[in-house]
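Below is one structure, written out as structure tokens; the observations come after it.
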Amino acid sequence: MAKKQRGETTSSSKTPKIVEQTDNFSLMLTSSDDEEPEEVTFEDAKTEALRSMKLALDGARREKELLKEKRRKRQELFQEQKKRKLLPADVLEEIDSAPSKKQKESEDEAEEEDQEGEEESRKKKNSKKMAHSRSLKGNYTVTTVRERASASCQQQTAEDFLRSRLYGPGSCRTTSNELLSLQNKKGKNKSAAVQFVKKDWACKEKAKAEKMKKRWIHKQQVSSC
Amino acid sequence: MGEFKVHRVRFFDYMPCAISAMAFNRHTERLAVARADGAVEVFCFADNYFQEKVIPGQDGRAVEALCWVGQRLFSAGLNGEITEYDLENLRPRYTVEAYGGPIWTISSNSQGTLLAVGCDDGTVKMFEILEEIIQFQRNLDRQKGRIISLSWHPSGTLIAAGMMDMIRIFDAETGHTTHRLLVERGVGASKSKEVVVWSIVFLSDHTIISGDSAGKVQIWDGFTGTLVRTHLVTKWDVLALSVSPDESSLVAGTSEGTIVQFQFLSSTVDQQDKEWIRTRTFKNHSHDVRALVHTDTAVVSGGMDTQLVVRPLLDKVEKKTQESALRKIAFPHRNLVCCAKKAGLLLFQFPDHLEVWRVGESDGHGKPGDSLLVKRKPEKLIQLKTKGEDHICCSALSPCGGWLAYSTVSSVRLYRLQYNNNISITKVSRLPKELRWAHQLCFSSDSSKLFASSTHSTVVVVALNQLECKYLQTLKPKSGSRQPVHLLFASEDGKWLASANTDCEVHVYNLQKLKLHCTVPVYNSCPTAVAINPATSNLVVAHADQQIFEYSLVQKEYTEWSRKLQKQGLHYLWLERDTLITNITFNPKNPAHIILHDMFMFCIVDQSLPLPEAKAILYNQMTLRSLPEPERIRHSHAFKICKNFQHLLCVTLLEDHSLVVVERPLLEIMSQLPAPVRQKKFAT
């Protein structure tokens, strides 16, 4: 109810403005509210409607085509990347016939480890043939693989977890220099922070301090003369 | 006496590793300490805390927990493997992959039959401990979070596991959870972070005590699964807990470096209602305390500041005795510096590489106490990195500087060095198959032979020619000891070789006949340094309990001086020193001098002077200097101690009679440690 009322009030407030505008136009144009609407033939209206419909359809079709194009391009890109990742065709053929799952896993892991190193993995296979391989029936061998990739990844995550809990954000840590400085301040013979006392500590800070000193002296000289 | 020109060497950037885990074996009184680089050290507490054995680390072996099962030592780490160590051959015996991701904790039941490991994937895996190996038995129920800490109930029926935000109690038979105890998160900003239960202890009265990352030590009732009491101990994490064998005292180590003790006492006079009351606080460390052990009489702690601290509890030991002193072990008890006396070269042993330096030169003379100008600076000649993952176990440089050898747990490598215009290093490729690995390496004084200690106290002798190496002989002691050799010394005249093993035996071999010459009578403390006096052919041995013996090799008996020393006894201040003698050298100009050093002092023992009385001042060098000449002779005694140089890693004498003092001040080490916690102190 309230909305309707509001609607009414707004519309009533709007109309006088519009009327004003048309009034302004009426000064310029010959048409006014009293005159009857223009006559438009049926043919014109039909062509008008058809044209607008065609435009709309064309627009929609163009959009669809654009989307298709995009999708096709993306698919191609993915295929290309996949091709790059896969081994050369001849090696794939060799493996293809065999039910050697293990070997496939080894290839995959080799892929993961070293994207560029297809040759390397082949070499690895060949070199490992001697030491850790067992030959089955047919043209393929089974070799052991060092599962360093996944194991070290988990180890890295665990180490990161430990480090973030002890030294990560919110752990309220300070530097060794501050700790030693505190000890210096509270000790029997109070002395300066260790950073300043030791010659080869905090070289960067000392260099920065030197630069600032030079800049300040230069400024003083410039301002004096 | 004469003055010495002293080369103060401070370019050895020795950085010890942080302690990540510890385990104490009550029956043998040995403490196993695991460091962050994977090295495992065994300290013998009964023998003045001597570092008996060191098993070198390996890249990638990040040990998180250690566990003794009888005499066997197991470790588990973030690489997902459980390792058993061979303590006779100082290497890992085997590793077993747990297939649960990184392992955070390992614990065995009190019967010694099962080993439980807590893994990152949320499983507690049980392994059966068999004679030669461990075998996977089963998994307990898999949980959603990682298992950070474990504790068996002494009966072996229940296991308490500390995880993220909670503690679970498992029934060891069925593998199901009986109780789930929820741990509160911290207040304020840490409410959004999960709380990690870093350590947990299960007592025999079914009380569970946990320490977590919110800084709380909480006491739970294991029967009902309810919280009894919370103690907020620190603003940072409580990283380690340890309970005494009689379960009356508990210590908690924090990230601040403090150790808080709780004791099971009754607040009223009668014995009825005992509870855990916070009693003492020790601040032994400047950085996080990551490992704690509570023995019958002391609290042993170690952490990120790399020092091992033993704090005897004053209510368990007699006050004001040697027993009750605080002990800090900062440096290893073996030599990491090898000096090529004829060439003036120093070899520094790091875990993963070796450095060869030439000492500097200086002209000029001066009064005692002057610093001379350095004419030629010391320079690093060679830096040799190891191949592979294993860390270096031992290394040696021949006296002429022409040969360099090092050994890891898997192989020995020998290199020929040449110092023409440029320095060249060539590897000797074919080594004899008897030279597989060594615990100690030593070159003969004429650089013609290499001695390598092998399994069961045997020593392998190989001859060195221009570029090749030939096996000569394996020297075996008669005692058939299975312990490894930790000290080797070849005499200057090339006649004798002395070897000492961790069974406290010292054997001397005749190198001309290549067989055993004699065995020194066994003294019940382990030798920490051996040397043979070139002028008198006397063997001088320093032991872990600070005793010194001199044994004549020609007559095969203790010397007159040694008997006199034993009869009179060493000065009490000498016996109360808490760091051990790691190196003994002699002065060619004066055969009556023995030069010894420990971490805080070096001492010249003059055998021609009288021994100090018990009432005499031991550190009398300053007072002697103030006295006029004739008076000095009356007051001087045999032990001349100099404390000018700190902290000493090695003191040796070069052929040109200048002293080389390798110092590594503890301040330098401390400055390179990881970040400590920020504590706001009033008025700073």
Side-chain angles (χ1 to χ4, degrees), chain A residues 102 105 109 113 127 131-132 144-206, chain B residues 10 20 36 59-62 64 77-81 97 99-104 119-121 146 148 164 186 188-190 192-196 198 213 235-237 239 255-257 286-288 290 304-305 389 665 667-684:
Chain A
K102 257 195 190 173
E105 280 179 21
E109 284 201 323
E113 271 182 42
S127 62
H132 311 283
T144 56
V145 97
R146 303 192 109 242
E147 289 174 24
R148 285 284 152 204
S150 53
S152 60
C153 170
Q154 282 181 319
Q155 187 176 345
Q156 194 58 43
T157 328
E159 283 175 4
D160 289 340
F161 162 72
L162 193 60
R163 205 175 306 129
S164 72
R165 288 314 298 234
L166 290 179
Y167 297 101
S171 56
C172 241
R173 299 259 166 186
T174 174
T175 57
S176 292
N177 175 49
E178 273 203 37
L179 184 72
L180 291 170
S181 304
L182 267 180
Q183 285 182 358
N184 263 347
K185 280 188 204 173
K186 294 171 75 191
K188 272 196 273 187
N189 310 327
K190 303 209 194 302
S191 55
V194 189
Q195 211 163 284
F196 296 105
V197 171
K198 289 258 169 196
K199 269 190 283 185
D200 47 359
W201 276 36
C203 301
K204 280 195 222 137
E205 275 92 334
K206 286 194 182 128
Chain B
R10 272 180 279 192
S20 60
D59 287 337
R61 190 204 296 163
E64 276 296 311
L78 296 180
N79 56 0
E81 295 175 349
E97 178 73 60
Y99 297 111
I103 304 178
W104 291 97
C119 304
D120 200 52
D121 64 353
R146 40 169 73 96
I148 301 280
M164 312 283 286
S190 38
S192 54
K193 270 200 300 191
E194 290 176 314
V195 65
V196 183
W198 289 117
S213 61
K235 213 170 73 169
W236 290 275
D237 303 32
L239 291 174
S255 269
E256 287 180 282
S286 54
H287 288 65
D288 310 42
R290 287 203 63 197
M304 306 299 284
D305 66 352
E389 302 175 320
L667 190 63
E668 304 278 330
I669 294 180
M670 192 158 165
S671 63
Q672 291 180 43
L673 290 176
V677 296
R678 165 182 276 129
Q679 290 186 314
K680 294 224 168 100
K681 299 274 183 195
F682 180 72
T684 52

Lys/Arg N to Asp/Glu carboxylate O, R290(B) vs E64(B), below 4.0 Å |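 Yes, this pair counts.
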Please identify each residue that fulfils salt bridge (Lys or Arg N to Asp or Glu O under 4.0 Å) with R61(B), with sequence neighbours left out.
->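 Partners of R61(B) by the salt bridge (Lys or Arg N to Asp or Glu O under 4.0 Å) criterion come out as none, since no residue qualifies.
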Quick one: list whatever passes salt bridge (Lys or Arg N to Asp or Glu O under 4.0 Å) with D305(B), sequence neighbours left out.
->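 None.
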Interface moiety of E256(B) toward chain A, non-hydrogen atoms closer than 4.5 Å =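 Contact with chain A is absent: no heavy atom of E256(B) under 4.5 Å.
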Heavy-atom distances under 4.5 Å only: say whether S286(B) touches chain A with side chain, backbone, both or neither.
->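 The answer is both parts of S286(B).
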May I ask you to check whether D237(B) and S213(B) show a side-chain donor-acceptor distance below 3.5 Å?
->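 No donor-acceptor contact under 3.5 Å links the two side chains.
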What part of E159(A) lies closer than 4.5 angstrom to a heavy atom of chain B: side chain, backbone, both or neither?
->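 When you check distances to chain B, atoms from both the backbone and side chain of E159(A) fall under 4.5 Å.
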